[in-house]
S.K.: 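One structure, as structure tokens, below. Some questions next.
Not measured: the values here are computed from a predicted model. Order of the sequence lines fixes the chain letters, A, B, ..., with proteins taken first and strands second; residue numbering starts at 1 for each chain.
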Amino acid sequence: MSQFDDHDAFEAASRPSLSQRAMAPRPSPYLDGLNPAQRLAVETLDGPVLLLAGAGTGKTRALTTRIAHLLMQGRATPGRILAVTFTNKAAREMKDRVARLLGETVEGMPWLGTFHSISVKILRRHAELVGDGTLHLKPGFTILDTDDQIRLLKQLISAENIDEKRWPARQLAGLIDGWKNRAMTPARVPAGESHAYDGRGVALYAAYQRRLLELNAVDFGDLLLHCVMIFQAHPDVLAQWQERFRYILVDEYQDTNVAQYLWLRLLAQGHRNICCVGDDDQSIYGWRGAEVGNILRFEGDFPGAQVIRLEQNYRSTPHILAAASGLIAANKGRLGKELWTEAEEGEKIRLIGHWDSEAEARWIGEEIEAFHGGHRHSIGQRSLNDIAILVRASHQMRAFEDRFMTIGLPYRVIGGPRFYERQEIRDAMAYFRLAVSPTDDLAFERIVNTPRRGLGPKALQTIQRESRDRGLSLLQGAAAALAAGALSGKGAAGLRQLVEQMGRFHADALDSRASHTDLAERILDETGYTEMWQNEKSPDAPGRLDNLKELVKALEEFDNLQGFLEHVALVMDTPEGEQAEEVSIMTLHAAKGLEYPIVFLPGWEDGLFPSQRSMDESGLKGLEEERRLAYVGLTRAEELATISFAGNRRLYGQWQSSLPSRFIDELPEDHVEVLTPPGLYNGGFGAAAQPFAQSSMHDRASHADVYNSPGWKRMQDRAAARPAPVHRAPIIIDAEPAARFAVGDRVFHQKFGTGSIMGIAEDTLTIQFPAGFKTVKANYVQPAATAAPDVTPDDVPF
DNA sequence: AACATCGCCTTTTTT
DNA sequence: AGGCGATGTT
């Protein structure tokens with residue numbers, strides 16, 4: 001509301017100083033050190049610009065400097081620049097860097113943010129324009145996340161008597177998201193797609209939208225969709241925003257979906273100063289609605305657009321770049337870029353095959369220890385923070401976690417379950433939501449019987465009936481049901497208490513004098529929610545209590561509960577604590593935008609990578625997106641990239657053998673070194689290679705590049721030169737591991753640290769750690785203060 | 001209403 | 001394998 005006034009006031013106040021500085025004829029120091037292309041990108045301010053920025057070419061630098069330049073030249077005040085990113089992280093980084101460039105002289109960039117956060121701001125101003133004569137959105141709408149969305153859809157599905165087993169809510173949610181991504185309201189869904197979801201998809205979509213309006217709620221897709229619909233239906237509103245945004249900048253343009261594209265195009269039609277930055281080769285989100293076509297079509301959409309290419313790479317060595325470029329060259333319909341670098345040649349990409357996924361994890365673990373210890377290559381001693389493992393699918397992480405756990409190698413998984421998605425956090429948030437808006441039925445349903453109050457499905461049904469009949473929210477309906485005596489026994493008492501408590505909490509939430517952190521604590525304590533976890537004996541209960549404490553602490557940064565709730569709805573970020581040295585493990589998707597000196601790329605096997613499903617569902621398009629994913633992975637590496645594949649991998653509990661990825665064949669030979677694998681038995685890779693080579697689906701010829709490469713031959717030769725494996729008694733490491741320990745032994749555990757064994761039961765140890773007694777599987781600890789009993793492949797007869 | 005068991009499905013992920 | 005959800009059992 002007052003946002004506009006604030007910004008205008010701010011602009012008026014800041015204008016003189018900015019234009020004064022623009023008057024000064026002296027050179028702008030923030031432009032120093034830009035290469036010619038970057039400089040062009042910064043200084044081409046008028047008209048549409050497409051900035052094709054390859055991996056590691058200083059894209060963010062160009063973008064932030066461009067913003068700084070706009071401000072310093074007096075072209076625009078901060079409030080007139082729209083800068084859009086996809087993630088909160090990117091938005092944060094951009095804000096920080098602009099501030100740094102300008103020496104903190106510019107306070108805020110109110111319109112620098114994610115598509116969604118900016119859409120919320122716009123939508124709050126015009127909420128009433130969404131809906132029809134009878135029902136419309138109100139500015140205080142709540143934003144539902146995926147979880148709420150699914151639960152809502154389930155209700156609608158069961159109301160329609162649809163068998164949710166045959167037609168899962170997830171599928172419907174995906175369908176609706178897909179439509180919203182393409183800016184389709186129920187009325188605009190093309191007839192050809194109306195057969196979806198047993199022919200009832202569109203009707204359910206309409207019902208869902210109706211229900212959202214009743215709840216005064218929107219989902220993530222709506223944030224964009226509603227904005228687009230408002231812009232299209234209300235030219236006056238659109239004109240106002242077009243006028244405001246004199247300059248528009250878009251990051252990661254290749255990831256925009258149709259709705260975002262329309263949103264941008266509508267806004268940009270005002271001043272036509274739009275600068276889109278992207279890289280068609282890094283488009284990896286097609287499966288969630290991104291349209292590479294948007295970037296490929298840019299010049300057609302914005303006639304007279306200038307296309308600027310950033311091609312000098314500041315990140316990777318020539319070998320890495322050449323390998324990545326060679327790989328991506330197999331894709332069709334690219335805009336085309338040629339990355340080059342002045343960096344030292346460095347080491348070739350390394351390629352290695354393993355017998356199975358466990359051997360792969362073992363080998364990578366050893367490599368990392370070698371790098372960390374400093375006894376390997378010209379690479380020198382390395383921090384674990386310099387090393388990343390990038391996998392295609394998250395289930396691959398497990399092998400690494402297991403292995404690193406046993407050898408005590410610190411690691412962290414990036415992009416794991418997010419803080420605000422944890423059950424206890426979502427429960428607590430539901431309590432807060434209900435306190436702030438007593439009409440939030442989804443929040444009510446979530447917590448009404450958590451902790452247990454004796455209110456099962458039957459009681460909930462009664463409440464729902466009561467609410468529906470009287471046109472009340474569930475919380476009000478619950479009060480009515482109690483008054484009417486429709487409930488009895490334990491449930492009635494519990495519900496009565498809850499209703500009373502929420503009434504008090506709501507009053508306090510509205511009282512600006514009351515401390516909202518105190519209120520939050522009281523809510524969790526008085527409702528018995530904290531107590532529920534205190535009484536819970538499961539091993540993760542203490543962690544959950546910690547998380548609740550952290551949640552309350554996070555509240556301190558906000559003025560009130562409302563502000564906090566809005567923040568969390570849009571910024572589902574884990575509060576990042578600075579950690580000690582750790583190897584990073586993440587998916588290739590999560591790695592986009594990051595860089596590491598040393599990168600491991602395991603699991604390059606056909607079916608896993610490229611993913612079979614991707615190819616089945618999207619054919620050549622899918623394969624090309626997978627290839628871009630490989631390109632993204634390779635270009636994360638600064639100094640050394642190591643690709644590996646395993647002949648056998650456990651998938652869904654079943655061992656499956658597989659073939660090296662077709663992407664391996666596409667790597668230019670000259671830039672790849674094929675390593676001698678640490679054979680399963682005395683390095684005999686010939687045997688390990690068998691399953692790859694003998695498949696009827698893929699004959700050897702298709703892997704000629706690899707198998708005929710010098711490295712490969714050398715490897716085979718060495719294997720042949722070795723004496724036949726000697727079968728020794730197996731050194732069994734996992735059976736009865738507890739036998740390795742005795743009561744009183746000092747042991748080390750990755751998470752809990754060093755402790756003393758207090759008890760042994762089969763493979764389960766009870767250990768006193770600094771943090772208290774824990775019961776852990778023996779596999780996860782190792783003797784303290786001595787090196788892990790490292791099992792080299794040679795020790796394990798096959 | 002709370003707990004146990006069975007069967008199903010399984011990429012990638014942000015907001 | 002394993003996690004989840006929907007059933008069946010106490």
S.K.: Report which part of the nucleic acid A:Ser119 touches: base, sugar-phosphate, or nothing (heavy-atom distance under 4.0 Å, all strands).
M.R.: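 No contact.
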S.K.: State which residue, out of A:Gln464, A:Arg211, A:Glu445, fulfils the side-chain hydrogen bond (donor to acceptor under 3.5 Å, both in side chains) condition with A:Gln155.
M.R.: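 Of the listed residues A:Gln464, A:Arg211, A:Glu445, the side-chain hydrogen bond (donor to acceptor under 3.5 Å, both in side chains) partner of A:Gln155 is A:Glu445.
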S.K.: Under the criteria of a ring-centre distance below 5.5 Å and an interplanar angle below 30°, is A:Phe115 stacked with the base of B:dT15?
M.R.: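 Whether judged by distance or by angle, A:Phe115 falls short somewhere, so it does not stack on the base of B:dT15.
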S.K.: Could you state the atom-to-atom distance from CD1 of A:Ile143 to P of B:dT15 in whole Å?
M.R.: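 In whole Å, B:dT15 P lies 13 Å from A:Ile143 CD1.
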S.K.: With DNA chain B as reference, determine whether A:Met586 or A:Leu455 sits nearer its 5' end, using the nearest nucleotide of each.
M.R.: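 Between the two, 5'-proximity favours A:Leu455.
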S.K.: Which whole-number value in Å describes the distance from A:Arg170 CZ to C:dG3 C1'?
M.R.: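 Rounding to the nearest Å, CZ of A:Arg170 and C1' of C:dG3 are 13 Å apart.
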S.K.: Does OP1 or OP2 of B:dA1 have a side-chain N or O of A:Asn449 closer than 4.0 Å?
M.R.: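 Result: no.
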S.K.: A:Phe86 near the nucleic acid: base, sugar-phosphate alone, or nothing, with a heavy-atom cut-off under 4.0 Å?
M.R.: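 The answer is sugar-phosphate, as A:Phe86 gets under 4.0 Å only of primed atoms, P, OP1 or OP2.
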S.K.: Is it true that A:Phe400 and A:Tyr411 have ring centroids separated by less than 6.0 Å?
M.R.: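 They do not qualify: ring centres at least 6.0 Å apart.
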S.K.: Check whether any side-chain N or O of A:Ser394 sits under 4.0 Å from OP1 or OP2 of B:dT11, and answer yes or no.
M.R.: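 So the side chain of A:Ser394 is outside the cut-off, no N or O lying under 4.0 Å from OP1 or OP2 of B:dT11.
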S.K.: Could you tell me whether A:Leu224 contacts a base, only the sugar-phosphate backbone, or nothing, with contacts defined as non-hydrogen atoms closer than 4.0 Å?
M.R.: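 Nothing, no nucleic acid heavy atom in range.
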S.K.: Between B:dT13 atom P and A:Asp147 atom CG, what is the distance in whole Å?
M.R.: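 That distance rounds to 18 Å.
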S.K.: Any cation-pi pair here, A:Arg627 with A:Phe663, using under 6.0 Å and within 45°?
M.R.: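 Not flagged: A:Arg627 not positioned over aromatic ring of A:Phe663.
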S.K.: Of the listed nucleotides (B:dT13, C:dG2, B:dT10), which one gets closest to any side-chain atom of A:Arg613?
M.R.: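 Of the candidates, B:dT10 comes closest.
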S.K.: Please determine if A:Arg628 forms a cation-pi arrangement with A:Tyr631, meaning its NZ or CZ atom is less than 6.0 Å from the six-membered ring centre and no more than 45° off the ring axis.
M.R.: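 Verdict for A:Tyr631: no cation-pi partner in A:Arg628.
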S.K.: Quick one: CG on A:Leu175 to CG on A:Leu204, what's the gap to the nearest 0.5 Å?
M.R.: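 A:Leu175 atom CG to A:Leu204 atom CG measures 9.5 Å (nearest 0.5 Å).
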S.K.: Between the base of B:dT14 and the side chain of A:Thr114, is one N or O donor paired with an acceptor at under 3.5 angstrom?
M.R.: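 Such a pair does not exist between side chain and base.
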S.K.: Of A:Met397 and A:Lys458, whose nearest nucleotide on DNA chain B comes first from the 5' end?
M.R.: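 Looking at the nearest nucleotide for each, A:Lys458 comes out on the 5' side.
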S.K.: Any stacking of A:Tyr652 on B:dT10, going by centres under 5.5 angstrom and planes within less than 30 degrees?
M.R.: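 Stacking is present between B:dT10 and A:Tyr652, given that their ring centres fall under 5.5 Å apart and the planes under 30°.
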S.K.: Counting just side-chain N and O atoms, does A:Arg392 come under 4.0 Å of either OP1 or OP2 of B:dT12?
M.R.: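 So the side chain of A:Arg392 is outside the cut-off, no N or O lying under 4.0 Å from OP1 or OP2 of B:dT12.
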S.K.: Please determine if a side-chain N or O atom of A:Arg288 lies less than 4.0 Å away from the OP1 or OP2 oxygen of B:dT15.
M.R.: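 No, A:Arg288 has no side-chain N/O under 4.0 Å of OP1/OP2 on B:dT15.
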S.K.: Tell me, yes or no, whether the heavy-atom count around A:Glu531 atom CD, taken from other residues, nucleotides or ligands under 6.0 Å, exceeds 12.
M.R.: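 Counting neighbours around CD of A:Glu531, 12 or fewer heavy atoms of other residues, nucleotides or ligands fall under 6.0 Å, so no.
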S.K.: Rounded to the nearest Å, what distance is computed from the CD atom of residue A:Glu252 to the C1' atom of nucleotide B:dT14?
M.R.: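 Value for this atom pair: 12 Å.
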S.K.: Using a heavy-atom cut-off of 4.0 Å across all strands, would you classify A:Glu617 as base, sugar-phosphate, or nothing?
M.R.: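 Counting heavy atoms under 4.0 Å across all strands, the contact made by A:Glu617 includes a base.
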S.K.: A:Arg452 near the nucleic acid: base, sugar-phosphate alone, or nothing, with a heavy-atom cut-off under 4.0 Å?
M.R.: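 Sugar-phosphate only.
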S.K.: Atom NZ of A:Lys154 and atom P of C:dC4: how far apart are they, to the nearest Å?
M.R.: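 It works out to 12 Å between those atoms.
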S.K.: From the set B:dT15, C:dG2, B:dT13, return the single nucleotide nearest to any side-chain atom of A:Leu570.
M.R.: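 The listed nucleotide nearest to A:Leu570's side chain is B:dT15.
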S.K.: Rounded to the nearest Å, what distance is computed from the CG atom of residue A:Asp616 to the C1' atom of nucleotide B:dT12?
M.R.: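 It works out to 15 Å between those atoms.
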S.K.: Give the rounded distance in Å between these two atoms: CZ of A:Phe609 and P of B:dT12.
M.R.: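 Atom CZ in A:Phe609 sits about 13 Å away from atom P in B:dT12.
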S.K.: Can you measure A:Phe419 atom CZ to B:dT14 atom P for me and round it to whole angstrom units?
M.R.: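 Value for this atom pair: 17 Å.
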